[in-house]
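Below is one structure, written out as structure tokens; comments come after it.
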Amino acid sequence: MNQPLVPSNQELGAGGFIFLGVEDVAMKKYEPQTIEPKWQKAWQRQDVYKTDDDKNKPKFYALEMFPYPSGEGLHMGHVRNYSIGDVVARFKRMKGFRVLHPMGADAFGLPAENAAIQRGVNPREWTLNNMKRIREEQARLGISYDWDRYVGTCEPDYYRFSQWLFLLFYERGLAYRKQAAVNWCPNCSTVLANEQVEDGRCWRCDAEVEKKELEQWFLKITDYADKLLEGLDRLPKWPEKVKAMQRNWIGKSKGAEITFTIPELGDEKVSVFTTRPDTLYGVTYMVLAPEHPLVPQLIQGKPNEETIRRFVKTMQNESELARTGSDVEKVGYDTGAVAKHPLTGEDVPIWVANYVLMDYGTGAVMGVPAHDERDFAFARKYDLPIRRVIFPFGTYDPDEKLEAAYTSEGVLDHSGPFNGLSNKEAMRKIPEHLQEKGLGGPTVSYRLRDWLFSRQRYWGCPIPIVYCDSCGVVPVPKEELPVMLPEDVVFDGKRNPLTTSETFVHTTCPSCGGKARRETDTMDTFIDSSWYFLRYTDPHNEEIPFAADKANEWMPVDYYIGGIEHAVLHLLYSRFVTKVLHDAGMVNADEPFTHYFPQGMVLKDGSKMSKSKGNVVSPMEIIERYGADTARMFILFAAPPDRELDWSDSGVEGSYRFLNRVWRMVQQHAGLFSNRPQAKPEDEAAKALYRQLHQTIKKVSDDIGERYQFNTAISAVMELVNAIYAYPEEADRGTLAEAVEKTVLMLAPFAPHMTEELWSQIGGEGSVHAQAWPMFDEKALVQDEVEMVVQINGKVRDKLVVPVSADKDAIEKLAMEQDRIQHFLDGKTIRKVIVVPKKLVNIVAN
RNA sequence: GCCGAAGUGGCGGAAUUGGCAGACGCGCACGACUCAAAAUCGUGUUCCCUCGUGGAGUGUGGGUUCGACUCCCACCUUCGGCACCA
């Protein structure tokens, strides 16, 4: 095991001073354990990070996803998340922005309730304790939050407005109840939204999700499908990956609805959805989902009646996983009934099969085996006819047997009046024709389903609805909010605890005053995080969720950082909620996050940190040992922020070493600042350092502010520090002082405690974090001489120092005169010479 | 299968507009300081060889160009998402 870098108190000697260096002066040792808490207290006392509301400054809203207050405290993923946000927030403040950088807790959720069931603790107390701990840990990291705006979603003064927003959705027809086959997690004893089912399993507990027929609350996110899609095109600063995931999830398909009729049911209509209306003449059968409402009538009295009845029952009881898994075999049964083809009038047999889903399209499909791979496989299995209607352009044999479905472009044949059309034209013309005849028409279908919103759990926001025997479903008036979560509940793990509270369940109807029953379901906790970023803009408003003028001062969030696991959960819901609030006139922004940045995972030994693997690195232990500044520095330096980061103990020591190096550098030169000389970069060394300093300022500003590449920003400062160490003693002292001072300023966003301490040591006024970010001197970047490379056939053969003013001819002449170049050109003919001023000369010769 | 991203030394990574590949850091080796060690400071560190004015080299194969990690085409590998969505 490595020797700890942090010395013990005995090693430090009296007064924390040790002797270092050749100049034999007493220097203070870098002791993060002392200075970090000291400055954290000072910042708090002086309200250093209170949100600046100076409207003359441009705004910047920096936000990190707020944590769920688990009993574990913060993990390294949080540290990475907050470190990135804090660097940006601090940098923008120094750059003259007014910055909103708030924090809160996503405090409702199942684990609190499970703790209540397993350990008999009060979920509220359990949660509040965890919140307190996490807040302390966040403060210990030295993140510059405005704690006055802290928001906990489980607090009545927050959730009353979650209820307020629910009522707004209800008023706007966007919240409704319906009976449906829904996802049920047997382990969590609650229903789940589609977004919360991953591979047929519960996103939280990984249990296999079951289907249940229940009446539930839904939010009409499908009404916003097109707006959610369109909005993505206006988010250039979102990763393509995340936008693709959302597009994928929404799953918009253009096609047609086509109406078939069933003569034996008195010309009952049955519609199918297809993306290939051009293949309509190739239909040889039709398939209904097992749950399709027409199935019972169709099979009545048919030979297959009993078999199909049993098949339908099995399908209904099958889990999502067993039903839609990728290699589940297609199974179907002929109902014995037939439908009439809308254009040819031919009989089309109607089948029922497992692969047709009731909740997509119309729950019925037309079977075109010649031009669809699934239909082809199905037709082969059950010996159904295959009728080809699309053929390759050019010559073709209209009766050729197919060995596989033909899914490419082509020309129509065997298609009545549409023969000879390209299938692309037919895709447009056939639906138009159907529409004229009242047999369907063009339509679009979405994969996205409405947001199943109610949960049969206690620790969430109560849905503000009562059920009255005479008035029916009655919303609780906004002025009566919040509907408080009751405390007199039983946690037995057998039922929704809310149903056990007599005082909660029994109430009076707000409309008629008669006896009524409260809704005992709570809201999906994803609603809480779908608007918290708006609440931060006006966190103490007691009348409404937030005032429009406050929200408009800050929204949208300029830089939002958090895990990509929320790509189609939190991020989709937040976009939806923001769009609804925009349409309700509550906020101008119709997209919540201008720039979304998913930080990479923190790994240890190549895999995700987990208790079971025993590879968890505790942030608080690292802080105790090296300080928060080192932890932040390492996590930002070790990898670009979007990539995975493998935790490395020696890497952490490297970052600690660097901070010590900066610390000693300032100590060594602290004397310069008592009577500080002006920078006069006249000697060569001073000129070079001055230039490097200003190049570094330019690069670091660009890396943080534009590129969000903190690892390269830090490496540039490291190079500058190396240059300061190498700076000769006889060179200009003023230039040195400037370099030292600006190094401290540039490191302030990364290592806020150490730089604050150093800033006070070199006599800086006020907090280092209230200083203006250094400007670079454009003139300093101009060089009078540049090094140029001389290549022969693209290989570097020599280097030249050339005045920047030299013209191409002069450079070429100079290059040709070099001995080395002459040697390489010996016996060769020069074919061409390329001169790129300030870069290189390339001589082509053979 | 479809969509998205990534492949560079022993390791993490850099190269911002097509112009010196390997910045910065880790690790390693050697040296200075020390009675000694730690810390610190300094030097070296892509690979190969016949060791010099050498050759090769950014997943593979081709192409464009005076010049390609960077652009184009084809492919391989890894990771992530979606997937009986009609």
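Note: hydrogens, waters and symmetry copies are ignored here, and every other heavy atom, side chains too, is used.
Comparing rC79(B) with rC73(B), their P atoms sit 25 Å apart, to the nearest whole Å. With C1' as the reference atom, rC26(B) and rC75(B) are 35 Å apart, rounded to whole Å. Atom C1' of rG12(B) sits at a distance of 16 Å from the matching atom of rC28(B), rounded to the whole Å. Between rC82(B) and rU45(B), the distance separating the two C1' atoms is 46 Å to the nearest Å. When the C1' atom is compared between rA68(B) and rG18(B), the two are found 7 Å apart, to the nearest whole Å. Nucleotides rA56(B) and rA37(B) place their P atoms 45 Å apart, quoted to the nearest Å.
Here E373(A) lies out of heavy-atom contact (under 4.0 Å) with every strand. Nucleic acid contact class of N248(A) (heavy atoms, under 4.0 Å, all strands): base. Across all strands, K698(A) comes closer than 4.0 Å to no nucleic acid atom at all (heavy-atom distances). Using a 4.0 Å heavy-atom criterion, one finds that K243(A) contacts no nucleic acid atom at all. R247(A) comes within 4.0 angstrom of no nucleic acid atom, judged by non-hydrogen atoms across all strands. Nucleic acid contact class of P239(A) (heavy atoms, under 4.0 Å, all strands): none.
The side chain of K839(A) has rG19(B) as its nearest neighbour among rG19(B), rA86(B), rG81(B). Residue N722(A) places its side chain closer to rC24(B) than to any other of rC24(B), rG12(B), rA21(B). The listed nucleotides are rG81(B), rA86(B), rG55(B); the one nearest the side chain of T274(A) is rA86(B). Closest to the side chain of V356(A), out of rG27(B), rA86(B), rU16(B), is rA86(B). Counting only heavy atoms from C-beta on, R661(A) has its side chain closest to rC41(B) among rA23(B), rG25(B), rC41(B). Residue N711(A) places its side chain closer to rA14(B) than to any other of rA14(B), rC41(B), rC20(B). You'll find that the side chain of F637(A) is closest to rC24(B), out of rG4(B), rC84(B), rC24(B). Nearest nucleotide to the T712(A) side chain, out of rA15(B), rC26(B), rA86(B): rA15(B). Minimum atom distance to the side chain of K699(A) is reached by rU16(B), of the listed rG13(B), rG4(B), rU16(B). The listed nucleotides are rA86(B), rC24(B), rA21(B); the one nearest the side chain of V796(A) is rA21(B).
Between the base of rC3(B) and the side chain of K241(A) there is no donor-acceptor pair shorter than 3.5 Å.
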Protein-nucleic acid N or O pairs under 3.5 Å, nucleotides 65-67 of chain B:
{"from": "rC66(B)", "atom 1": "OP1", "to": "K832(A)", "atom 2": "NZ", "distance (Å)": "3.2"}
{"from": "rC66(B)", "atom 1": "O2'", "to": "N842(A)", "atom 2": "ND2", "distance (Å)": "3.3"}
{"from": "rC66(B)", "atom 1": "O2", "to": "N842(A)", "atom 2": "ND2", "distance (Å)": "2.7"}

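Ring-plane geometry between F273(A) and Y360(A) is classed as perpendicular, the angle between the planes exceeding 60 degrees on a 0 to 90 degree scale with a lower cut at 30. A perpendicular orientation is assigned to the rings of F750(A) and F710(A), their planes being inclined by more than 60° (bins at 30° and 60°).
Distance M601(A) CE to rG81(B) C1': 14 Å, rounded to the nearest Å.
K269(A) NZ: 12 or fewer foreign heavy atoms inside a 6.0 Å radius.
Base-pair partner of rG1(B): rC82(B) (Watson-Crick or G-U wobble, both distances under 3.5 Å). Across all strands shown, rA74(B) forms a Watson-Crick or G-U wobble pair with rU60(B), both key distances being under 3.5 Å. Across all strands shown, nothing is found opposite rU53(B) as a Watson-Crick or G-U wobble partner with both distances under 3.5 Å.
A sub-4.0 Å separation between OP1 or OP2 of rC20(B) and a side-chain N or O of R797(A) is absent.
A 4.5 Å side-chain heavy-atom check between L781(A) and Q695(A) finds at least one atom pair inside the cut-off. Q791(A) has its side chain out of reach of R797(A): every pair of non-hydrogen atoms, C-beta onward, lies at least 4.5 Å apart.
The ring-ring contact (aromatic ring centres under 6.0 Å, His included) test with Y285(A) is passed by exactly one of Y333(A), F260(A), F378(A): F378(A).
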